[in-house]
J.: 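Let me give you the structure first, and then I'll get to my questions.
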Amino acid sequence: MAYRYGFSMIVTPTFEDVGVFNRGIGENSEVASKEMYVFEDRGGRTFALRPEGTAPVVRAFIQHSPTLPFKAWYFTPAFRYERPQKGRFREHHQLGVEVLGSEDAAIDIETISLLNDFFQAVGLRKYRVLINSMGHDECRQNYVEVLKAYLSTHVSELCEEHQKVWDQNTLRLLDCKKPSCVEVTNKGPQLPAHLCAPCSEHFSSVVLGLSTIGVKCELTPRLVRGFDYYTRTTFEFVSDALDSAQNAIGGGGRYDKLAEQLGGSPTAGIGFGSGVERLLLALEAEGVTEPSISRTPQVFVVDTTEVDVATTICHSLRSAGIAAVRAYDHRSMKAQMKVADKSGARFALLVGPQENAVGQITIRDLRGDERTEQVSVAQQDIVTEVLSRLGK
RNA sequence: GUGGGCGUAGCUCAGUUGGUUAGAGCGCCAGGUUGUGGUCCUGGAGGUCGCGGGUUCGAACCCCGUCGCUCACCCCA
């Protein structure tokens, strides 16, 4: 699907210099400060196992300076040093895309639309798309000042924890789920109202564009994401089939300053990441069953000769495109038949000393229950015989 | 980083107030059927009771530590 949108695949290393993540995600963010798997190599360099997908892609982009716009998708493991629980693991897999080189609202729309298409395609239905704009640096700083000023007069109404830390990392407070905090922030100044004209206009274009192509979004002024690099558009897909503690099945946003922060020339960017394990949980919670591809073998070769003719027989069957399995270790016919039955194969092909002496193979339909249904054919005809019996 | 729960056979689990040789179901192996699966019957293999220390005549059981898993919080996917 990503190819349909013009993305090419990118693979980045499993670990990077720790600075890539510290500078990208923000050293004060929860993830960078205490959730990274950090280690030293023999040369004393400090690395971190990739905790998210965006920073490495941007690093690679800077290093190779491809032509713009650069559109890449990835499927990669991600690591967070934290206490695992339902829907949250130390190692999980993220499916994501990144677009670098343009701040066109059309790219925001395309990116969000892609993720939406993807969820639709896998059968997910009970989810919502939350969207917000954080503005550029100045907008955000201005807003934080306004928010702080407002909060300073309502400190006592905040939740216990935030009464202590309300004036540091103030934006995060919008994320607090405690009713007290929610109420206070709901009544307070809202982020979108404090955007500068260009940012505000950009945001409107994104929202309008999405509604034009039928992607329903919920304007969520309190949506502030955990990485420091976000600017302007931020979005999150939340599943209504999962507990709210880990209902985010995908999210992302614009990061127009990230390339600069990582030492490249100023380049706008946007992307999303989606946790595959959590997506699977959401699908399960919705009762969506994945179409199971049949992986049962078609024939099972039972060989009780001394000379192991199964190897040759299996090879010719497999060369003809037939899924053929067999038993090993020269077990008794009874034992091999049991394995054949469990394998789910439609036919058992029996070769014992008797058959082998006359160059034949006995075909036994494992669906039937009578031995009289067995037929013997010449070994050189086995492939065509099996193919015709399988209906090909 | 914080708080709870759990670690006993390959799997799911039981195990009494601490008491001899630690059990069940499923799975696995073999025999009944000397060349034939799925059902049935019979038998069998398989366990340093997570690990280390302590208490005790005696520990799967009690105490301490440790590691792992799990659920929740924080935060994120």
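Just the heavy atoms: all of them, side chains too, but no hydrogens, waters or symmetry mates, feed the values below. Letters go in sequence order (proteins before strands), and every chain restarts at 1.
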J.: Please name the nucleotide paired to G65(B) by Watson-Crick or G-U wobble geometry with both distances under 3.5 Å, or report none.
T.: C51(B)

J.: Considering only the C1' atoms, how many Å lie between C13(B) and A22(B), rounded to the nearest integer?
T.: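 Result for the C1' pair: 14 Å, nearest Å.
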
J.: How would you label the contact of Pro84(A) with the nucleic acid (heavy atoms, under 4.0 Å): base, sugar-phosphate, or nothing?
T.: base

J.: Honestly, is Arg90(A) close enough over Tyr81(A), meaning NZ or CZ under 6.0 Å from the six-membered ring centre and within 45° of the axis?
T.: yes

J.: For the NE2 atom of His93(A) and the OG atom of Ser274(A), what is their distance to the nearest 0.5 Å?
T.: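 Those atoms lie 13.0 Å apart.
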
J.: With a 4.0 Å cut-off on heavy atoms, is Lys334(A) in touch with a base, just the backbone sugar-phosphate, or nothing at all?
T.: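 Counting heavy atoms under 4.0 Å across all strands, the contact made by Lys334(A) includes a base.
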
J.: Return the nucleotide paired to U56(B): Watson-Crick means purine N1 to pyrimidine N3 with N6-O4 or O6-N4, wobble means G-U with N1-O2 and O6-N3, both under 3.5 Å.
T.: none

J.: On RNA chain B, compare the nucleotides closest to Arg90(A) and Thr362(A); which residue's is nearer the 5' end?
T.: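 Between the two, 5'-proximity favours Thr362(A).
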
J.: Nearest to the side chain of Ala248(A), which nucleotide is it out of G27(B), G37(B), A77(B)?
T.: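 Closest of the options to the side chain of Ala248(A): A77(B).
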
J.: So what does Ala340(A) hit on the nucleic acid, given a heavy-atom distance under 4.0 Å: a base, only sugar-phosphate, or nothing?
T.: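 Answer is nothing: Ala340(A) stays at 4.0 Å or more from every strand.
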
J.: Taking any strand in view, what nucleotide pairs with A14(B) in a Watson-Crick or G-U wobble way, both distances under 3.5 Å?
T.: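 When the pairing criteria are applied, nothing turns out to pair with A14(B), so the answer is none.
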
J.: Pairing check on G44(B): which nucleotide meets the Watson-Crick or G-U wobble criteria with it, both distances under 3.5 Å?
T.: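 Across any shown strand, G44(B) pairs with C28(B).
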
J.: Go through the N and O atoms of the side chain of Gln336(A) and the base of U36(B), and report whether any donor-acceptor pair is under 3.5 Å.
T.: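 It does not, because no donor-acceptor pair links the side chain of Gln336(A) to the base of U36(B) below 3.5 Å.
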
J.: Can you figure out which of A30(B), A77(B), C28(B) approaches the side chain of Ala335(A) most closely?
T.: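 So the side chain of Ala335(A) is nearest to A30(B).
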
J.: What integer number of Å spans the C1' atoms of G23(B) and C49(B)?
T.: 12 Å

J.: Under 4.0 Å between any heavy atoms, over every strand shown, what does Phe227(A) touch: base, sugar-phosphate, or nothing? Just pick one.
T.: sugar-phosphate

J.: Using modelled atom types and a 3.5 Å cut-off, is there a donor and acceptor pairing between side-chain atoms of Asp381(A) and backbone atoms of Glu385(A)?
T.: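 Side chain of Asp381(A) to backbone of Glu385(A), a donor-acceptor pair under 3.5 Å: no, none is there.
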
J.: So does Lys126(A) get a backbone contact from the side chain of Glu286(A), meaning a donor-acceptor N/O pair under 3.5 Å?
T.: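 Yes; judged by distance alone, with no hydrogens or angles, the pair exists.
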
J.: For the C1' atoms, the ones on G18(B) and on U2(B), what distance do you get once it is rounded to whole angstrom?
T.: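 It works out to 35 Å between them.
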
J.: Please check this pair: side chain of Glu16(A) against backbone of Arg50(A), looking for a donor-acceptor N/O pair closer than 3.5 Å.
T.: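 Side chain of Glu16(A) to backbone of Arg50(A), a donor-acceptor pair under 3.5 Å: no, none is there.
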
J.: For the atom pair OG (Ser376(A)) and CD (Glu355(A)), what is the distance rounded to the nearest 0.5 Å?
T.: 5.5 Å

J.: Please determine if a side-chain N or O atom of Gln85(A) lies less than 4.0 Å away from the OP1 or OP2 oxygen of U70(B).
T.: no

J.: Look at the side chain of Asp243(A) and decide which nucleotide, out of G37(B), A77(B), A72(B), has an atom nearest to it.
T.: A72(B)

J.: With sugar-phosphate meaning primed atoms plus P, OP1 and OP2, does Ile249(A) contact a base, only sugar-phosphate, or nothing at under 4.0 Å between heavy atoms?
T.: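 The answer is sugar-phosphate, as Ile249(A) gets under 4.0 Å only of primed atoms, P, OP1 or OP2.
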
J.: Determine the interatomic distance between C1' on G25(B) and the same-named atom on C62(B); round to the nearest Å.
T.: 30 Å

J.: Could you give the distance separating C67(B) and C26(B) at their P atoms, to the nearest angstrom?
T.: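 Going atom to atom, P in each nucleotide, I get 39 Å.
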
J.: In Watson-Crick or G-U wobble terms, both distances under 3.5 Å, what is the partner of U39(B)?
T.: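 With both distances under 3.5 Å required, U39(B) matches none.
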
J.: Please give the nucleotide sitting opposite G3(B) as a Watson-Crick or G-U wobble pair, both distances under 3.5 Å, or none.
T.: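 The answer is C71(B), by the H-bond criterion.
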
J.: Which nucleotide, if any, forms a Watson-Crick or G-U wobble pair with A22(B), using both distances under 3.5 Å?
T.: none

J.: So what does Gln246(A) touch, heavy atoms closer than 4.0 Å: a base, only the sugar-phosphate, or nothing?
T.: base

J.: For Glu355(A), answer base if it contacts any base atom (sugar-phosphate contacts may also be present), sugar-phosphate if it contacts only those atoms, and nothing otherwise; contact means non-hydrogen atoms under 4.0 Å.
T.: base

J.: For Gly96(A), which contact category applies under a 4.0 Å heavy-atom criterion: base, sugar-phosphate, or nothing?
T.: nothing

J.: Using a heavy-atom cut-off of under 4.0 Å over every strand shown, decide if Arg83(A) touches base, sugar-phosphate, or nothing.
T.: base

J.: What distance, rounded to whole Å, do you find between the two C1' atoms, one in G31(B) and one in C71(B)?
T.: 47 Å

J.: Can you tell me which nucleotide in C75(B), G38(B), G27(B) comes closest to the side chain of Arg88(A)?
T.: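 Closest nucleotide to the Arg88(A) side chain: C75(B).
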
J.: Between Asp240(A) and Arg128(A) (salt bridge meaning N to carboxylate O under 4.0 Å), is one present in this structure?
T.: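 Yes.
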
J.: Check every atom of U36(B), C71(B), A77(B) against the side chain of Lys86(A) and return the nucleotide holding the closest atom.
T.: C71(B)

J.: Considering only atom P, compute the distance from A60(B) to G53(B) and round it to an integer number of Å.
T.: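 Rounded to whole Å, the distance is 14 Å.
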
J.: Over all strands shown, is Glu52(A) touching base, sugar-phosphate only, or nothing at heavy-atom distances under 4.0 angstrom?
T.: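 Contact class for Glu52(A): none.
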
J.: Do Asp308(A) and Tyr328(A) have a side chain donor and acceptor closer than 3.5 Å?
T.: no

J.: With nearest nucleotide decided by heavy atoms, which residue, Arg367(A) or Gly275(A), maps closer to the 5′ end of RNA chain B?
T.: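 Counting from the 5' end, the first nearest nucleotide belongs to Arg367(A).
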
J.: So does Glu82(A) reach the base of A77(B) with its side chain, donor to acceptor, closer than 3.5 Å?
T.: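 Yes.
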
J.: Scan Arg331(A) against the nucleic acid and name what it touches under 4.0 Å (heavy atoms): base, sugar-phosphate only, or nothing.
T.: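 Answer is sugar-phosphate: Arg331(A) comes under 4.0 Å of backbone atoms only.
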
